[in-house]
Q: 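The structure that follows is given in the form of structure tokens.
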Amino acid sequence: MSNTNPLSNAQIRAFLGAHPWSDSIHIFDEVGSTNTLAKELGAKGAPSGTVLIADRQTGGRGRLGRSFLSPGDMGMYFTLILRPECRPQELMHLTCAVAVAMCDAVEAAFGFRPGIKWTNDLVVGTKKLGGILTELTLNPKNGMVDCAILGIGINCRQNAEDFDESIRNMACSARMVTGEDADRNLLAAEMIRALHRMDADLFTGKDAMLSRYRSHCITLGKEISILRGDDVFHGTAVDMDAEGGLIVRLVTGEIQTVTSGEVSIRGLYGYI
Ligand code: BTN
């Protein structure tokens, strides 16, 4: 496919209009990982609201040490640095808040609303549209959060054959959903807008955000497998707790709450 939709700082700013973060958007042709770069810039004092977007990543990272394939001219590889003044335990709900914000952004840009596979995947039907990798850096002197690194990858312009064979039957793109090319500059502007609102409500709007998350979460009510290291547990996802943890009734009858950092969730018959 020819590059008809290059990432452009000027276009993103034009879509965004006057916005507190519009001067801190940085576009790169290629990086290893925008999250890794964000950590480096955060350590050097980059301000809250710094946005890094790459056309391609050579070492895109996902949760649990997985890689996130990030070919050029196709996807949105986006990282936002925030600097909330809090302890890390107060940000257990952060990935959920980013996921809800991304549903808003995708709907505003492309006119459809993804579902959320707990905890950090955006899905359409049974296929993955994107994923979120949130990472925290801490101030070693007091253990408080130094930076929250919000990494988001969204498949935009791929056709099915553009995906590696290993993920083709599990992945989709905005283009595949709408049948139209997906403007990455418009999406970037909507992501910045939605994340700015999320940041403003991060602590005051937690309950309302989690109730929106629940309504989008396709995992609730499903029979799932929980993969924790080499162990596999089977059960039903029954609810979420006040921090976004998943409450699961195991087949043994035992109730367990799982947090996103530790487990991978699979449907009984595959990804969903
Ligand atoms: C996942 O699916 O497990 C999360 C994927 C997160 C990918 C994004 S792309 C931008 C940012 N930089 C990275 O290296 N990862 C995140």
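First listed ligand is number 1; within each ligand, the first listed atom is number 1. Positions are given from 1 along the sequence.
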Q: Under a 4.0 angstrom heavy-atom cut-off, which atoms of ligand 1 come close to I132?
A: 4 (C)

Q: For a salt bridge (Lys or Arg N to Asp or Glu O under 4.0 Å) with D121, tell me which candidate from R63, R66, K128 qualifies.
A: K128

Q: Do other residues, nucleotides or ligands put more than 12 heavy atoms under 6.0 Å from the CG atom of D164?
A: yes

Q: Which of the numbered atoms in ligand 1 are under 4.0 angstrom from any heavy atom belonging to K128?
A: 1 (C), 2 (O)

Q: Is it the side chain (CB and beyond), the backbone, both or neither of L64 that lies under 4.0 Å from ligand 1, heavy atoms counted?
A: neither

Q: Got more than 12 heavy atoms from elsewhere within 6.0 Å of CZ, R113?
A: yes

Q: Which ligand 1 atoms are under 4.0 Å away from a heavy-atom of I152?
A: 8 (C), 9 (S), 10 (C)

Q: Quick one: nearest non-hydrogen protein atom to atom 9 (S) of ligand 1, plus distance?
A: Q57 NE2, 3.4 Å

Q: Show which atoms of ligand 1 fall inside a sub-4.0 Å distance from at least one heavy-atom site of R61.
A: 5 (C), 6 (C), 7 (C), 13 (C), 14 (O), 15 (N), 16 (C)

Q: Any nitrogen or oxygen of Y77 lying under 3.5 Å from a nitrogen or oxygen in ligand 1? Just yes or no.
A: no

Q: Taking CD in E165 as the centre, count heavy atoms belonging to other residues, nucleotides or ligands within less than 6.0 Å. Is the count above 12?
A: no

Q: Would one find more than 12 heavy atoms of other residues, nucleotides or ligands at under 6.0 Å from atom CD of E85?
A: no

Q: Going by the order shown, which atoms of ligand 1 are within less than 4.0 Å of some heavy atom of T34?
A: 10 (C), 11 (C), 12 (N)

Q: Consider side chain to side chain contact (heavy atoms under 4.5 Å, CB included). Of V248, T95, V258, I224, which one does W118 pass it with?
A: V258

Q: Considering the heavy atoms of G60, write down every atom of ligand 1 situated less than 4.0 Å from one of them.
A: 14 (O)

Q: Looking only at non-hydrogen atoms, find the nearest pair between L122 and A99 and report the distance.
A: CD2-O, 4.0 Å

Q: Which atoms of ligand 1 sit under 4.0 Å from any heavy atom of G62?
A: 1 (C), 3 (O), 4 (C), 5 (C)

Q: Students should be able to answer this: which protein heavy-atom is nearest to atom 3 (O) of ligand 1, and at what distance?
A: R63 N, 2.8 Å

Q: Just which atoms of ligand 1 are under 4.0 Å from any heavy atom in T79?
A: 11 (C)

Q: How many angstroms lie between CG in L220 and OG1 in T236, if you round to the nearest 0.5 Å?
A: 11.5 Å

Q: Enter the distance from K141:NZ to D146:CG here, rounded to the nearest 0.5 Å.
A: 10.0 Å

Q: What is the closest protein heavy atom to atom 5 (C) of ligand 1, and at what distance does it sit?
A: F68 CD1, 3.5 Å

Q: R66 near ligand 1, heavy-atom distance under 4.0 Å?
A: no

